[in-house]
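Please read the structure below before turning to the comments.
This chain uses plain numbering: 1 for the first residue, then up along the sequence.
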Amino acid sequence: MEPYSCDTFVALPPATIGNRIIFGKNSDRLCDEVQEVVYFPAAVHDNGEHLKCTYIEIDQVPETYAVVLSRPAWLWGAEMGANEHGVCIGNEAVWGREEVCNEEALLGMDLVRLGLERADTAEKALKVIVDLLEKYGQGGNCTEGRMEFSYHNSFLIADRSEAWILETAGKYWAAEKVEEGVRNISNQLSITTKVDQEHPDMRNYAKQKGWWDGKKEFDFAATYSYLDTAKMMTSSGRYCEGYKLLNKHKGNITFETMMEILRDKPSGINMEGEFLTTASMVSVLPQDSNLPCIHFFTGTPDPERSVFKPFIFVPHISQLLDTSSPTFELEDPVKKKPHLKIKPDRRHLLYQKHQQALDVIDNNEDKARTMLDNMRKLEKEIFKEMESVLQNKHLDMDKIVNLFPQSTKDEIRIYKANISS
(Lines give C-alpha, C1' and ligand atoms only; values in the text may rest on other atoms or scores of the structure.)
Protein backbone atom coordinates (compact mmCIF):
# COMPACT_ATOMS: atom_id res chain seq x y z
CA MET A 1 0.00 0.00 0.00
CA GLU A 2 1.46 3.35 -1.03
CA PRO A 3 1.47 5.88 1.84
CA TYR A 4 -0.03 9.31 1.28
CA SER A 5 -1.33 8.17 -2.05
CA CYS A 6 -3.53 11.03 -3.21
CA ASP A 7 -5.05 11.25 -6.68
CA THR A 8 -5.92 14.46 -8.53
CA PHE A 9 -7.88 14.66 -11.80
CA VAL A 10 -8.94 17.18 -14.40
CA ALA A 11 -11.24 16.86 -17.39
CA LEU A 12 -11.60 19.58 -20.03
CA PRO A 13 -13.84 19.89 -23.10
CA PRO A 14 -14.40 17.89 -25.27
CA ALA A 15 -14.09 15.22 -22.51
CA THR A 16 -16.76 16.95 -20.41
CA ILE A 17 -20.40 17.92 -20.95
CA GLY A 18 -21.52 21.55 -21.13
CA ASN A 19 -18.25 23.47 -21.73
CA ARG A 20 -17.05 22.92 -18.19
CA ILE A 21 -13.70 22.01 -16.70
CA ILE A 22 -14.09 19.44 -13.89
CA PHE A 23 -11.42 19.16 -11.17
CA GLY A 24 -11.32 16.42 -8.51
CA LYS A 25 -9.06 15.19 -5.75
CA ASN A 26 -8.95 12.53 -3.04
CA SER A 27 -6.64 13.39 -0.15
CA ASP A 28 -5.21 10.14 1.24
CA ARG A 29 -3.46 10.50 4.58
CA LEU A 30 -3.12 8.82 7.99
CA CYS A 31 -6.47 7.37 9.03
CA ASP A 32 -6.74 9.40 12.26
CA GLU A 33 -5.90 12.79 10.72
CA VAL A 34 -8.81 15.27 10.67
CA GLN A 35 -9.32 17.43 7.61
CA GLU A 36 -11.27 20.67 7.94
CA VAL A 37 -13.00 22.82 5.31
CA VAL A 38 -12.30 26.51 5.96
CA TYR A 39 -12.87 29.85 4.23
CA PHE A 40 -10.56 32.88 4.33
CA PRO A 41 -11.77 36.18 2.83
CA ALA A 42 -9.71 38.40 0.52
CA ALA A 43 -7.41 40.75 2.43
CA VAL A 44 -5.08 43.72 2.04
CA HIS A 45 -1.76 43.55 3.92
CA ASP A 46 0.67 46.15 5.23
CA ASN A 47 3.93 46.80 3.45
CA GLY A 48 6.75 44.69 4.91
CA GLU A 49 4.36 42.28 6.64
CA HIS A 50 5.52 38.70 7.23
CA LEU A 51 3.45 35.55 6.96
CA LYS A 52 3.85 32.50 9.21
CA CYS A 53 3.26 29.33 7.18
CA THR A 54 3.35 25.88 8.79
CA TYR A 55 7.03 26.05 9.79
CA ILE A 56 8.68 29.16 8.36
CA GLU A 57 7.94 32.86 7.89
CA ILE A 58 7.94 34.39 4.41
CA ASP A 59 7.26 37.84 2.94
CA GLN A 60 3.57 38.66 2.62
CA VAL A 61 2.15 40.19 -0.58
CA PRO A 62 0.06 43.40 -0.67
CA GLU A 63 -3.20 41.59 -1.48
CA THR A 64 -4.54 38.03 -1.13
CA TYR A 65 -7.65 36.49 -2.73
CA ALA A 66 -10.53 34.74 -0.95
CA VAL A 67 -9.96 30.97 -0.67
CA VAL A 68 -11.84 27.85 0.43
CA LEU A 69 -9.55 25.06 1.60
CA SER A 70 -9.65 21.42 2.63
CA ARG A 71 -6.67 20.96 4.90
CA PRO A 72 -5.22 18.75 7.64
CA ALA A 73 -6.35 20.68 10.71
CA TRP A 74 -2.86 20.97 12.22
CA LEU A 75 -1.18 22.95 9.45
CA TRP A 76 -1.33 26.35 7.72
CA GLY A 77 -1.52 25.20 4.09
CA ALA A 78 -4.00 22.91 2.33
CA GLU A 79 -4.27 19.59 0.50
CA MET A 80 -6.66 21.14 -2.02
CA GLY A 81 -8.80 24.19 -2.52
CA ALA A 82 -10.06 26.98 -4.75
CA ASN A 83 -10.04 30.76 -4.90
CA GLU A 84 -12.58 33.43 -5.86
CA HIS A 85 -11.20 33.53 -9.44
CA GLY A 86 -11.93 29.87 -10.15
CA VAL A 87 -8.37 28.59 -9.67
CA CYS A 88 -8.17 25.09 -8.11
CA ILE A 89 -5.03 23.32 -6.88
CA GLY A 90 -4.33 19.85 -5.49
CA ASN A 91 -0.91 18.40 -4.62
CA GLU A 92 0.66 14.95 -4.46
CA ALA A 93 3.65 13.46 -2.67
CA VAL A 94 6.35 12.35 -5.13
CA TRP A 95 9.80 10.86 -4.77
CA GLY A 96 12.69 10.39 -7.20
CA ARG A 97 16.47 10.53 -7.55
CA GLU A 98 16.81 13.93 -5.85
CA GLU A 99 17.15 13.69 -2.06
CA VAL A 100 14.19 14.83 0.02
CA CYS A 101 15.07 17.65 2.43
CA ASN A 102 13.98 17.13 6.05
CA GLU A 103 14.85 20.70 7.03
CA GLU A 104 11.85 22.89 7.68
CA ALA A 105 10.91 24.99 4.66
CA LEU A 106 7.62 25.39 2.80
CA LEU A 107 5.45 22.27 2.70
CA GLY A 108 3.83 21.39 -0.62
CA MET A 109 0.55 22.06 1.18
CA ASP A 110 1.72 25.59 2.05
CA LEU A 111 2.47 26.11 -1.66
CA VAL A 112 -1.10 25.02 -2.55
CA ARG A 113 -2.57 27.75 -0.34
CA LEU A 114 -0.02 30.37 -1.41
CA GLY A 115 -0.76 29.68 -5.08
CA LEU A 116 -4.50 30.13 -4.44
CA GLU A 117 -4.12 33.27 -2.34
CA ARG A 118 -1.79 35.01 -4.80
CA ALA A 119 -2.90 34.10 -8.35
CA ASP A 120 -6.01 34.73 -10.44
CA THR A 121 -5.15 32.20 -13.19
CA ALA A 122 -3.68 28.69 -13.23
CA GLU A 123 -0.53 29.81 -15.05
CA LYS A 124 0.06 32.65 -12.55
CA ALA A 125 -0.36 30.14 -9.69
CA LEU A 126 2.32 27.99 -11.31
CA LYS A 127 4.66 31.01 -11.35
CA VAL A 128 3.87 31.86 -7.71
CA ILE A 129 4.70 28.30 -6.63
CA VAL A 130 7.98 27.98 -8.57
CA ASP A 131 9.18 31.42 -7.45
CA LEU A 132 8.52 30.51 -3.80
CA LEU A 133 10.20 27.14 -4.34
CA GLU A 134 13.32 28.91 -5.64
CA LYS A 135 13.35 31.44 -2.78
CA TYR A 136 12.41 29.29 0.23
CA GLY A 137 12.69 25.62 -0.85
CA GLN A 138 10.39 22.74 0.14
CA GLY A 139 10.79 20.46 3.15
CA GLY A 140 9.72 19.56 6.67
CA ASN A 141 7.64 16.87 8.31
CA CYS A 142 4.29 16.40 6.58
CA THR A 143 2.64 14.63 9.53
CA GLU A 144 1.65 15.62 13.02
CA GLY A 145 2.97 13.66 15.98
CA ARG A 146 5.54 10.88 16.11
CA MET A 147 5.83 9.86 12.47
CA GLU A 148 8.48 11.64 10.37
CA PHE A 149 7.54 11.89 6.72
CA SER A 150 8.78 14.25 3.98
CA TYR A 151 8.43 14.37 0.21
CA HIS A 152 8.69 16.45 -2.94
CA ASN A 153 5.46 17.61 -4.57
CA SER A 154 3.53 17.60 -7.78
CA PHE A 155 0.56 19.89 -8.40
CA LEU A 156 -2.48 19.94 -10.65
CA ILE A 157 -3.60 23.55 -11.17
CA ALA A 158 -6.79 24.37 -13.10
CA ASP A 159 -8.90 27.40 -13.98
CA ARG A 160 -11.83 28.10 -16.32
CA SER A 161 -9.72 27.77 -19.48
CA GLU A 162 -6.81 25.37 -18.93
CA ALA A 163 -4.84 23.22 -16.51
CA TRP A 164 -1.17 22.85 -15.66
CA ILE A 165 0.74 19.91 -14.22
CA LEU A 166 3.73 21.04 -12.14
CA GLU A 167 6.17 18.39 -10.89
CA THR A 168 9.14 19.08 -8.64
CA ALA A 169 12.38 17.48 -7.51
CA GLY A 170 13.91 19.68 -4.81
CA LYS A 171 14.08 23.14 -6.41
CA TYR A 172 14.00 21.72 -9.96
CA TRP A 173 10.70 21.45 -11.80
CA ALA A 174 8.90 20.84 -15.08
CA ALA A 175 5.40 21.90 -16.14
CA GLU A 176 2.99 20.63 -18.75
CA LYS A 177 0.04 22.61 -20.12
CA VAL A 178 -3.28 20.76 -20.57
CA GLU A 179 -5.79 22.43 -22.89
CA GLU A 180 -8.21 19.59 -23.64
CA GLY A 181 -9.12 16.03 -22.74
CA VAL A 182 -8.20 14.38 -19.44
CA ARG A 183 -5.16 14.28 -17.17
CA ASN A 184 -4.42 12.95 -13.70
CA ILE A 185 -1.54 12.86 -11.25
CA SER A 186 -0.73 10.36 -8.52
CA ASN A 187 2.36 9.64 -6.42
CA GLN A 188 4.87 9.52 -9.22
CA LEU A 189 6.38 11.91 -11.72
CA SER A 190 4.30 11.80 -14.90
CA ILE A 191 5.62 14.56 -17.19
CA THR A 192 7.64 12.84 -19.89
CA THR A 193 8.72 14.62 -23.11
CA LYS A 194 6.01 17.32 -23.28
CA VAL A 195 7.66 19.99 -21.13
CA ASP A 196 6.08 23.43 -21.64
CA GLN A 197 7.92 25.30 -18.88
CA GLU A 198 10.91 24.28 -16.76
CA HIS A 199 13.51 25.37 -14.22
CA PRO A 200 16.29 27.05 -16.27
CA ASP A 201 18.95 24.75 -14.84
CA MET A 202 16.93 21.51 -14.78
CA ARG A 203 18.61 19.82 -17.78
CA ASN A 204 22.15 20.92 -16.81
CA TYR A 205 21.67 19.57 -13.29
CA ALA A 206 20.49 16.21 -14.69
CA LYS A 207 23.59 16.09 -16.92
CA GLN A 208 25.91 16.89 -14.00
CA LYS A 209 24.35 14.08 -11.95
CA GLY A 210 24.75 11.62 -14.85
CA TRP A 211 20.98 11.08 -15.16
CA TRP A 212 20.82 12.35 -18.76
CA ASP A 213 23.44 12.26 -21.50
CA GLY A 214 22.24 15.46 -23.20
CA LYS A 215 21.70 13.62 -26.49
CA LYS A 216 18.57 11.51 -26.27
CA GLU A 217 15.17 13.21 -26.05
CA PHE A 218 14.68 14.67 -22.57
CA ASP A 219 12.07 12.80 -20.50
CA PHE A 220 11.49 14.48 -17.11
CA ALA A 221 9.94 11.50 -15.28
CA ALA A 222 12.51 9.02 -16.62
CA THR A 223 15.41 11.36 -15.79
CA TYR A 224 14.38 12.54 -12.32
CA SER A 225 12.87 9.27 -11.06
CA TYR A 226 13.40 5.53 -11.54
CA LEU A 227 10.32 5.05 -13.73
CA ASP A 228 10.23 3.18 -16.99
CA THR A 229 7.93 5.72 -18.63
CA ALA A 230 7.25 3.39 -21.57
CA LYS A 231 5.33 1.12 -19.17
CA MET A 232 3.73 3.93 -17.14
CA MET A 233 0.30 3.67 -18.78
CA THR A 234 0.08 -0.13 -18.61
CA SER A 235 1.10 -0.75 -14.99
CA SER A 236 -1.38 -1.67 -12.25
CA GLY A 237 -0.70 1.46 -10.15
CA ARG A 238 -3.26 4.08 -9.22
CA TYR A 239 -1.94 6.58 -11.76
CA CYS A 240 -2.80 4.14 -14.56
CA GLU A 241 -6.10 3.10 -12.92
CA GLY A 242 -7.15 6.74 -12.56
CA TYR A 243 -6.34 7.43 -16.20
CA LYS A 244 -8.42 4.42 -17.26
CA LEU A 245 -11.43 5.65 -15.24
CA LEU A 246 -11.19 9.12 -16.82
CA ASN A 247 -10.88 7.62 -20.30
CA LYS A 248 -13.83 5.30 -19.76
CA HIS A 249 -16.11 8.35 -19.34
CA LYS A 250 -14.35 10.64 -21.84
CA GLY A 251 -16.85 12.82 -23.68
CA ASN A 252 -19.51 12.50 -20.96
CA ILE A 253 -17.73 13.64 -17.79
CA THR A 254 -19.82 15.67 -15.34
CA PHE A 255 -19.15 16.63 -11.71
CA GLU A 256 -21.13 13.52 -10.70
CA THR A 257 -18.86 11.33 -12.87
CA MET A 258 -15.84 12.80 -11.09
CA MET A 259 -17.40 11.98 -7.71
CA GLU A 260 -17.98 8.38 -8.83
CA ILE A 261 -14.29 8.13 -9.82
CA LEU A 262 -13.26 9.42 -6.37
CA ARG A 263 -15.57 6.84 -4.76
CA ASP A 264 -14.06 3.91 -6.70
CA LYS A 265 -12.60 1.33 -4.31
CA PRO A 266 -11.48 -1.49 -6.69
CA SER A 267 -8.99 0.89 -8.38
CA GLY A 268 -7.54 1.98 -5.02
CA ILE A 269 -8.55 5.60 -5.75
CA ASN A 270 -10.84 5.54 -2.69
CA MET A 271 -8.29 4.25 -0.22
CA GLU A 272 -8.89 2.14 2.88
CA GLY A 273 -6.56 1.06 5.67
CA GLU A 274 -3.90 2.85 7.72
CA PHE A 275 -3.74 5.46 4.96
CA LEU A 276 -7.20 6.31 3.70
CA THR A 277 -9.11 8.95 1.78
CA THR A 278 -9.56 11.52 4.55
CA ALA A 279 -11.34 14.15 2.41
CA SER A 280 -12.48 14.77 -1.18
CA MET A 281 -13.12 17.74 -3.45
CA VAL A 282 -14.77 18.22 -6.86
CA SER A 283 -15.03 21.56 -8.67
CA VAL A 284 -17.05 22.68 -11.69
CA LEU A 285 -15.36 25.50 -13.61
CA PRO A 286 -17.66 26.74 -16.42
CA GLN A 287 -15.83 28.29 -19.37
CA ASP A 288 -18.58 30.93 -19.48
CA SER A 289 -17.36 33.53 -16.96
CA ASN A 290 -20.96 34.68 -16.34
CA LEU A 291 -21.60 31.38 -14.56
CA PRO A 292 -20.32 30.69 -11.03
CA CYS A 293 -17.72 28.05 -10.23
CA ILE A 294 -19.05 25.47 -7.76
CA HIS A 295 -16.73 23.64 -5.36
CA PHE A 296 -17.90 20.50 -3.55
CA PHE A 297 -16.15 19.24 -0.39
CA THR A 298 -16.79 16.27 1.91
CA GLY A 299 -14.74 17.33 4.97
CA THR A 300 -14.97 13.67 6.11
CA PRO A 301 -13.24 10.35 5.32
CA ASP A 302 -14.39 7.91 2.61
CA PRO A 303 -16.33 9.72 -0.14
CA GLU A 304 -18.52 6.62 -0.60
CA ARG A 305 -19.90 7.26 2.90
CA SER A 306 -19.82 11.07 2.79
CA VAL A 307 -21.84 13.89 1.24
CA PHE A 308 -20.36 16.29 -1.33
CA LYS A 309 -21.47 19.76 -0.21
CA PRO A 310 -21.32 22.85 -2.48
CA PHE A 311 -19.55 26.17 -1.95
CA ILE A 312 -19.87 29.24 -4.21
CA PHE A 313 -17.83 32.42 -3.73
CA VAL A 314 -20.12 35.40 -3.05
CA PRO A 315 -19.70 38.42 -0.75
CA HIS A 316 -20.44 38.01 2.99
CA ILE A 317 -20.04 34.20 3.11
CA SER A 318 -21.17 32.65 6.40
CA GLN A 319 -18.30 31.10 8.33
CA LEU A 320 -17.99 27.32 7.98
CA LEU A 321 -18.20 26.60 11.72
CA ASP A 322 -19.30 22.95 11.59
CA THR A 323 -16.25 21.94 9.50
CA SER A 324 -13.71 24.12 11.36
CA SER A 325 -11.54 22.33 13.91
CA PRO A 326 -10.90 23.65 17.42
CA THR A 327 -7.92 26.00 17.63
CA PHE A 328 -5.26 25.71 20.29
CA GLU A 329 -3.37 28.97 19.62
CA LEU A 330 -0.08 29.11 21.60
CA GLU A 331 -0.69 25.69 23.13
CA ASP A 332 -0.66 24.06 19.68
CA PRO A 333 2.14 21.45 19.62
CA VAL A 334 2.93 22.27 15.95
CA LYS A 335 3.76 25.87 16.94
CA LYS A 336 6.11 24.86 19.76
CA LYS A 337 9.79 24.10 19.21
CA PRO A 338 10.89 21.41 19.47
CA HIS A 339 7.54 20.17 18.12
CA LEU A 340 5.74 18.08 20.72
CA LYS A 341 5.00 14.48 19.73
CA ILE A 342 1.37 14.67 20.82
CA LYS A 343 -1.82 15.13 18.84
CA PRO A 344 -4.63 17.22 20.31
CA ASP A 345 -8.25 16.34 19.47
CA ARG A 346 -8.89 18.32 16.28
CA ARG A 347 -12.27 16.81 15.36
CA HIS A 348 -14.85 19.35 14.17
CA LEU A 349 -18.59 18.79 14.68
CA LEU A 350 -19.23 17.23 11.24
CA TYR A 351 -16.28 14.85 11.69
CA GLN A 352 -17.51 13.77 15.14
CA LYS A 353 -21.06 13.04 13.96
CA HIS A 354 -19.77 11.31 10.80
CA GLN A 355 -17.53 9.07 12.94
CA GLN A 356 -20.44 8.12 15.20
CA ALA A 357 -22.58 7.43 12.12
CA LEU A 358 -19.91 5.13 10.65
CA ASP A 359 -20.01 3.07 13.86
CA VAL A 360 -23.78 2.66 13.33
CA ILE A 361 -23.28 1.74 9.65
CA ASP A 362 -20.74 -0.93 10.60
CA ASN A 363 -22.99 -2.49 13.24
CA ASN A 364 -26.57 -2.19 11.97
CA GLU A 365 -27.44 -3.15 8.40
CA ASP A 366 -30.96 -1.65 8.40
CA LYS A 367 -29.83 1.66 9.83
CA ALA A 368 -26.88 1.68 7.41
CA ARG A 369 -29.23 1.31 4.43
CA THR A 370 -31.57 4.05 5.69
CA MET A 371 -28.75 6.45 6.46
CA LEU A 372 -26.93 5.95 3.13
CA ASP A 373 -30.25 6.33 1.26
CA ASN A 374 -30.92 9.61 3.05
CA MET A 375 -27.39 10.83 2.32
CA ARG A 376 -27.80 10.09 -1.40
CA LYS A 377 -31.24 11.78 -1.42
CA LEU A 378 -29.71 14.89 0.12
CA GLU A 379 -26.93 14.84 -2.46
CA LYS A 380 -29.40 14.43 -5.35
CA GLU A 381 -31.38 17.46 -4.17
CA ILE A 382 -28.17 19.49 -3.85
CA PHE A 383 -26.95 18.41 -7.32
CA LYS A 384 -30.28 19.25 -8.93
CA GLU A 385 -30.20 22.72 -7.40
CA MET A 386 -26.56 23.29 -8.46
CA GLU A 387 -27.27 22.13 -12.02
CA SER A 388 -30.09 24.65 -12.11
CA VAL A 389 -27.66 27.39 -11.00
CA LEU A 390 -25.25 26.34 -13.77
CA GLN A 391 -28.00 26.34 -16.40
CA ASN A 392 -29.93 29.46 -15.41
CA LYS A 393 -27.20 31.76 -14.09
CA HIS A 394 -29.60 32.65 -11.26
CA LEU A 395 -28.12 32.99 -7.79
CA ASP A 396 -30.31 33.46 -4.74
CA MET A 397 -27.73 35.37 -2.70
CA ASP A 398 -29.46 34.81 0.64
CA LYS A 399 -29.26 31.06 0.03
CA ILE A 400 -25.75 31.01 -1.46
CA VAL A 401 -24.05 32.72 1.51
CA ASN A 402 -25.25 29.82 3.67
CA LEU A 403 -25.01 27.12 1.00
CA PHE A 404 -22.14 25.06 2.44
CA PRO A 405 -23.05 25.57 6.14
CA GLN A 406 -26.70 24.64 5.49
CA SER A 407 -25.76 21.50 3.52
CA THR A 408 -23.45 20.53 6.38
CA LYS A 409 -26.25 20.99 8.93
CA ASP A 410 -28.57 18.83 6.76
CA GLU A 411 -25.91 16.10 6.67
CA ILE A 412 -25.39 16.28 10.45
CA ARG A 413 -29.18 16.00 10.92
CA ILE A 414 -29.17 12.66 9.04
CA TYR A 415 -26.37 11.35 11.28
CA LYS A 416 -28.04 12.50 14.49
CA ALA A 417 -31.37 10.87 13.53
CA ASN A 418 -29.66 7.50 13.12
CA ILE A 419 -27.27 7.78 16.06
CA SER A 420 -30.04 8.52 18.55
CA SER A 421 -32.81 6.26 17.18
Side-chain angles (χ1 to χ4, degrees), residues 23-25 27 34-43 65-73 78-86 88 113 116-117 255 259 278-284 291-303 305-327 345-358 371 374-390 394-420:
F23 170 96
K25 178 177 174 183
S27 171
V34 177
Q35 205 149 138
E36 60 179 351
V37 180
V38 285
Y39 166 78
F40 295 98
Y65 300 125
V67 295
V68 61
L69 309 170
S70 185
R71 66 176 187 178
E79 273 279 298
M80 50 204 173
N83 72 17
E84 61 184 294
H85 296 287
C88 297
R113 178 170 173 180
L116 292 170
E117 287 190 339
F255 63 84
M259 290 167 188
T278 52
S280 305
M281 169 185 175
V282 169
S283 290
V284 188
L291 295 169
C293 296
I294 304 179
H295 312 284
F296 296 89
F297 296 91
T298 60
T300 50
D302 187 355
R305 304 198 286 186
S306 294
V307 174
F308 280 93
K309 299 165 288 296
F311 178 99
I312 297 174
F313 284 93
V314 290
H316 317 301
I317 291 273
S318 297
Q319 271 306 320
L320 317 184
L321 299 176
D322 292 337
T323 56
S324 297
S325 294
T327 51
D345 184 355
R346 300 189 187 274
R347 293 173 303 158
H348 48 74
L349 182 63
L350 174 65
Y351 189 97
Q352 289 174 25
K353 296 303 169 193
H354 182 263
Q355 244 186 350
Q356 290 168 10
L358 287 188
M371 193 172 355
N374 289 337
M375 287 161 72
R376 290 298 156 262
K377 271 183 206 155
L378 171 62
E379 254 191 1
K380 275 200 168 65
E381 286 166 22
I382 289 170
F383 296 167
K384 192 177 171 188
E385 199 177 330
M386 291 306 100
E387 192 53 55
S388 169
V389 166
L390 289 166
H394 173 68
L395 286 181
D396 177 343
M397 285 301 179
D398 292 338
K399 208 168 185 182
I400 297 299
V401 293
N402 285 305
L403 184 61
F404 187 89
Q406 187 55 54
S407 301
T408 305
K409 287 189 188 312
D410 292 341
E411 182 183 1
I412 289 171
R413 201 171 293 120
I414 292 170
Y415 299 150
K416 280 182 169 174
N418 284 277
I419 293 162
S420 57

[X]: salt bridge (Lys or Arg N to Asp or Glu O under 4.0 Å) partners, not counting sequence neighbours:
X	answer
Glu379	Arg263, Arg376
Asp398	none
Glu79	Lys25, Arg29
Arg347	Asp345

Which distance, rounded to the nearest 0.5 Å, do you find between the [atom1] of [X] and the [atom2] of [Y]?
X	Y	atom1	atom2	value
Leu350	Thr408	CG	OG1	6.0 Å
Leu390	Ile294	CG	CD1	4.0 Å
Ser318	Tyr39	OG	OH	10.0 Å
Thr298	Glu411	OG1	CD	8.5 Å
Gln352	Ile412	CD	CD1	9.5 Å
Ile382	Glu387	CD1	CD	14.0 Å

Inset, instruction - Could you note down all residue pairs passing salt bridge (charged side-chain N to carboxylate O under 4.0 Å, His left out) where residues 400-410 supplies at least one of them, sequence neighbours left out? - result: Asp322-Lys409, Asp410-Arg413

Inset, instruction - Any pair with a residue in residues 399-408 that passes salt bridge (charged side-chain N to carboxylate O under 4.0 Å, His left out), sequence neighbours left out, goes on the list, sorted by first then second residue, please. - result: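 Applying salt bridge (charged side-chain N to carboxylate O under 4.0 Å, His left out) to every pair that reaches into residues 399-408, excluding sequence neighbours, yields Glu385-Lys399.
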
Side chain proximity check, [X] to [Y], heavy atoms < 4.5 angstrom:
X	Y	value
Cys293	Ser283	no
Tyr415	Met375	yes
Phe297	Val68	yes
Val37	Met281	no
Met386	Ile312	yes

Inset, instruction - Without swapping roles, check the side chain of Ser27 against the backbone of Ala279 for a donor-acceptor pair under 3.5 Å. - result: no

Legend entry - Main-chain N/O of Lys384 paired with Ser388 side-chain donor or acceptor, under 3.5 Å: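 Between the backbone of Lys384 and the side chain of Ser388 there is no qualifying donor-acceptor contact (under 3.5 Å).
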
Heavy-atom pair of closest approach, residues [X] and [Y]:
X	Y	value
Val401	Pro315	CG1-O, 3.4 Å
Ser407	Leu378	O-CD2, 4.2 Å
Pro292	Val389	CG-CG1, 3.7 Å
Glu84	Ala42	OE2-CB, 3.6 Å

Inset, instruction - For Phe313, check ring pair (Phe, Tyr, Trp, His ring centres under 6.0 Å) against everything at least two apart and list the hits. - result: His295, Phe311

Legend entry - With sequence neighbours excluded, residues passing side-chain contact (heavy atoms from CB on, under 4.5 Å) with Leu358: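 Leu358 satisfies side-chain contact (heavy atoms from CB on, under 4.5 Å) with Arg305, His354, Ile361 only.
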
Inset, instruction - Using the side-chain contact (heavy atoms from CB on, under 4.5 Å) rule, take Leu116 and Leu69 through it: C-alpha gap first, then chi angles, then the decisive distance, then the call. - result: CA-CA 9 Å; Leu116 292 170; Leu69 309 170; 3.8 Å; yes

Which residues pass the side chain to side chain donor-acceptor pair (under 3.5 Å) test with [X], sequence neighbours left out?
X	value
His348	none
His85	none
Glu117	Arg113
Ser70	Gln35

Inset, instruction - Kindly state whether the ring of Phe255 and the ring of Phe383 have centres lying under 6.0 angstrom apart. - result: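 When the ring centroids of Phe255 and Phe383 are compared, they turn out to be within the sub-6.0 Å range.
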
